[in-house]
Amino acid sequence: MAVTETGAALHEAHRDNHTHRDVNGGWLRPAVFGAMDGLVSNLALLTGVVGGSVGHQTIVITGLAGLAAGAFSMAAGEYTSVASQAELVQAELDVERRELRRHPQAEEDELAALYASRGVEPGLAREVARQLSKDPEQALEIHAREELGVDPDDLPSPLTAAVSSFGSFALGALLPVLPYLLGATALWPAVLLALAGLFGCGAVVARVTARSWWYSGLRQLALGGAAAGVTFALGALFDTAVS
């Protein structure tokens, strides 16, 4: 009894100290992608417009229009893509549910063969598959994880993805236009603020993904800076051509 209680206590301690972050909640990817996209796209848009030598009011209107259009587009796209993915998974789960109902023994044999292929002794693999297949919902969850690679109880939320994408894009897109809203007339404050935002976003993402913060920050800084430089050059080129 003492050994059993000690083992249980060790298991509880291990569980309490061995937790993982949510990698399938549906918010991280759209939030990161939205912030980066908002920063890069609106910075590139504004530098392209400024390169064309337009007025202050046009720059502000362009920046705000890019913010609104991009945020709504990102939200709609994320909602549609995540909802479509969830619907596809649900359709495949329905297929698996029907197979479990119509051919339970075949599905049990399939599960036993899977465990055996991973090194479990064949007799034990069959017994494990038999016991796990007693509960249809548990069997469905196991087959979904093993065959589809998904957890039926932990699918990404389309609404969460849409809201995360909308908010992060709007915040990212606001940075390049903010200096102009505050009265700036030169491009450099917007560029500096946007590039700082890109580096900061990259560093924050590194904290979540456990990568080097300076590498992630510099990578985003380089990508955003390159996009801004190209669009500024194109804007200047078009302005010269039109003039």
Side-chain angles (χ1 to χ4, degrees), residues 21 26-79 81 160-243:
R21 289 164 289 189
W27 66 270
L28 180 59
R29 185 189 64 82
V32 171
F33 183 64
M36 298 300 180
D37 194 20
L39 273 164
V40 174
S41 63
N42 228 26
L43 174 62
L45 179 63
L46 287 180
T47 53
V49 171
V50 172
S53 302
V54 300
H56 181 272
Q57 184 178 13
T58 302
I59 296 173
V60 172
I61 292 175
T62 301
L64 293 178
L67 185 157
F72 281 109
S73 176
M74 285 288 295
E78 283 294 336
Y79 186 91
S81 63
T160 298
V163 172
S164 299
S165 180
F166 182 93
S168 59
F169 185 99
L171 182 61
L174 178 63
L175 289 183
V177 75
L178 186 60
Y180 287 100
L181 291 174
L182 297 177
T185 56
L187 177 63
W188 66 265
V191 172
L192 288 181
L193 184 59
L195 293 180
L198 282 169
F199 184 86
C201 283
V204 170
V205 170
R207 293 291 300 274
V208 177
T209 59
R211 295 202 60 175
S212 171
W213 64 270
W214 59 266
Y215 173 80
S216 183
L218 288 177
R219 179 178 60 183
Q220 297 304 327
L221 180 65
L223 293 173
V230 170
T231 53
F232 181 84
L234 289 174
L237 180 63
F238 292 153
D239 179 58
T240 302
V242 172
S243 300

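FYI, the numbering just counts along the sequence from 1.
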Tell me whether [X] contacts the main-chain N or O of [Y] through its side chain, where contact means a donor paired with an acceptor under 3.5 Å.
X: Ser164; Y: Ala31; result: no
X: Thr231; Y: Ala227; result: yes
X: Ser81; Y: Gly77; result: yes

Go through Leu174 and Val177 one step at a time and tell me if the side chain to side chain contact (heavy atoms under 4.5 Å, CB included) criterion holds. CA-CA 5 Å; Leu174 178 63; Val177 75; 4.0 Å; yes
To the nearest 0.5 angstrom, please state how far the [atom1] atom of [X] sits from the [atom2] atom of [Y].
X: Leu234; Y: Thr47; atom1: CG; atom2: OG1; result: 9.0 Å
X: Leu178; Y: Leu67; atom1: CG; atom2: CG; result: 11.0 Å
X: His56; Y: Leu181; atom1: NE2; atom2: CG; result: 7.5 Å
X: Leu218; Y: Trp213; atom1: CG; atom2: CH2; result: 8.0 Å
X: Gln220; Y: Tyr215; atom1: CD; atom2: OH; result: 10.0 Å

Do [X] and [Y] have side chains that get closer than 4.5 Å, going by heavy atoms?
X: Ser41; Y: Phe169; value: yes
X: Leu39; Y: Leu43; value: no
X: Val50; Y: Tyr180; value: yes
X: Leu198; Y: Leu175; value: no
X: Leu187; Y: Ile59; value: no

Which heavy-atom pair separates [X] from [Y] by the least distance, and what is that distance?
X: Phe166; Y: Ala75; result: CB-CB, 3.8 Å
X: Pro176; Y: Ala190; result: O-CB, 3.0 Å
X: Ser165; Y: Met74; result: OG-CB, 3.2 Å
X: Gly202; Y: Ser216; result: O-OG, 2.7 Å

For atom CZ of Phe199, decide whether the heavy atoms of other residues, nucleotides or ligands shown that lie under 6.0 angstrom number more than 12.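 More than 12 heavy atoms, drawn from other residues, nucleotides or ligands, come within 6.0 Å of this atom.
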